[in-house]
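The structure under discussion appears below in the form of structure tokens.
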Amino acid sequence: IGQVLYESRIDLSGIERVHRIRIPNYPIHWRVKPYIEPLYVIPLTVIAGLRAIRKYRLKSVVASFPNPTFLVAGLLISFFARVPFFPYFHNLYFETRESKITRTIASAIQKIVFRRAKRVLSMSSGMSDYLRVRYGIDTTPIRHPIVQRIPRFSGVRKATLRTGSRLLET
């Protein structure tokens with residue numbers, strides 16, 4: 001469960017037993033959207049997720065966090081369906097909240113998420129180390145390879161870099 005802003009960003013067509021849940025995105029002013037959006041997105045996502053688990057006999061829920069709405073929805077789906085829950089943190093949750101009320105809410109949600117998770121997935125090994133030291137939980141870092149060809153830029157002078165025992169030329 002997560003948010004894909006651009007359809008071309010991720011291609012799940014070759015992966016079996018993956019179901020994407022589409023939830024409508026209503027035009028709401030950006031200042032009130034964080035407070036209004038969870039009121040309709042969480043219930044719609046939970047209903048759609050429970051239907052998908054039943055229909056496709058899915059075995060677990062992976063919920064990504066750049067958006068706490070999907071994290072909470074994934075947590076509820078896994079709870080009601082009694083399937084393993086794997087939160088995937090693209091960013092730190094509690095540490096990135098600014099106001100006292102959002103930090104209090106984030107702290108409560110994060111504690112429940114860490115307790116309920118079968119395994120926590122993180123964006124990098126650095127984040128994994130931070131979560132282990134700060135919260136005492138082991139996480140699995142998911143490394144993101146570059147899947148597109150990096151273009152060569154004309155007009156850039158050739159540079160040689162020394163990394164360990166290898167030389168890299170750009």
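Contact annotation: the side chain of Asp138 approaches that of Arg132 to within less than 4.5 Å [non-hydrogen atoms, C-beta and beyond]. Contact check for Val72 versus Ile109: side-chain heavy atoms found under the 4.5 Å cut-off. Side-chain contact between Val113 and Val120: absent, with no pair of heavy atoms (C-beta onward) separated by less than 4.5 Å. Side chains of Ser124 and Pro141 form no contact here, defined as non-hydrogen atoms less than 4.5 Å apart. Under the 4.5 Å side-chain criterion, counting only non-hydrogen atoms from C-beta, Tyr93 is in contact with Pro68.
Taking both residues in full, the closest heavy atoms of Gly74 and Phe85 are given as C-CE1, 3.5 Å, listed atom of the first, atom of the second, then distance. The shortest heavy-atom contact between Pro87 and Leu71 is CB-CD1, 3.8 Å. Here the closest non-hydrogen pair linking Arg103 and Glu95 is NH1-O, 4.1 Å. For the residue pair Leu50 and Phe80, the shortest heavy atom distance occurs at CD2-CB, 3.9 Å. The minimum heavy-atom distance linking Met127 with Phe89 is given by the pair SD-O, 3.5 Å. Of all the heavy atoms in Val46 and Ile77, the pair that sits closest is CA-CG1, 3.6 Å.
When the shell of 6.0 Å around CG of Leu39 is examined, it contains more than 12 heavy atoms from other residues, nucleotides or ligands.
Identified under the ring pair (Phe, Tyr, Trp, His ring centres under 6.0 Å) test for residues 123-142, with sequence neighbours left out: Phe114-Tyr135.
A continuous path of Ile, Leu, Val, Met, Phe, Trp and Tyr side chains, each step under 4.5 Å between heavy atoms, connects Ile142 with Leu92, placing both in one hydrophobic cluster. In terms of hydrophobic clustering, with Ile, Leu, Val, Met, Phe, Trp and Tyr side chains grouped at heavy-atom distances under 4.5 Å, Phe65 and Ile137 are assigned to a common cluster.
Residues meeting the side-chain hydrogen bond (donor to acceptor under 3.5 Å, both in side chains) test with Arg116, sequence neighbours left out: none. Partners of Lys118 by side chain to side chain contact (heavy atoms under 4.5 Å, CB included), not counting sequence neighbours, listed by chain and number: Pro84, Phe86.
Put simply, CD1 on Ile53 and OG on Ser78 are 8.0 Å apart, with the number rounded to the nearest 0.5 Å. The OG atom of Ser122 lies 10.0 Å from the NE2 atom of His90; values are rounded to the nearest 0.5 Å. Atom CG of Leu131 sits about 11.0 Å away from atom CG of Leu121, to the nearest 0.5 Å. If you take CZ on Phe94 and OG1 on Thr102, they are separated by 9.0 Å, rounding to the nearest 0.5 Å.
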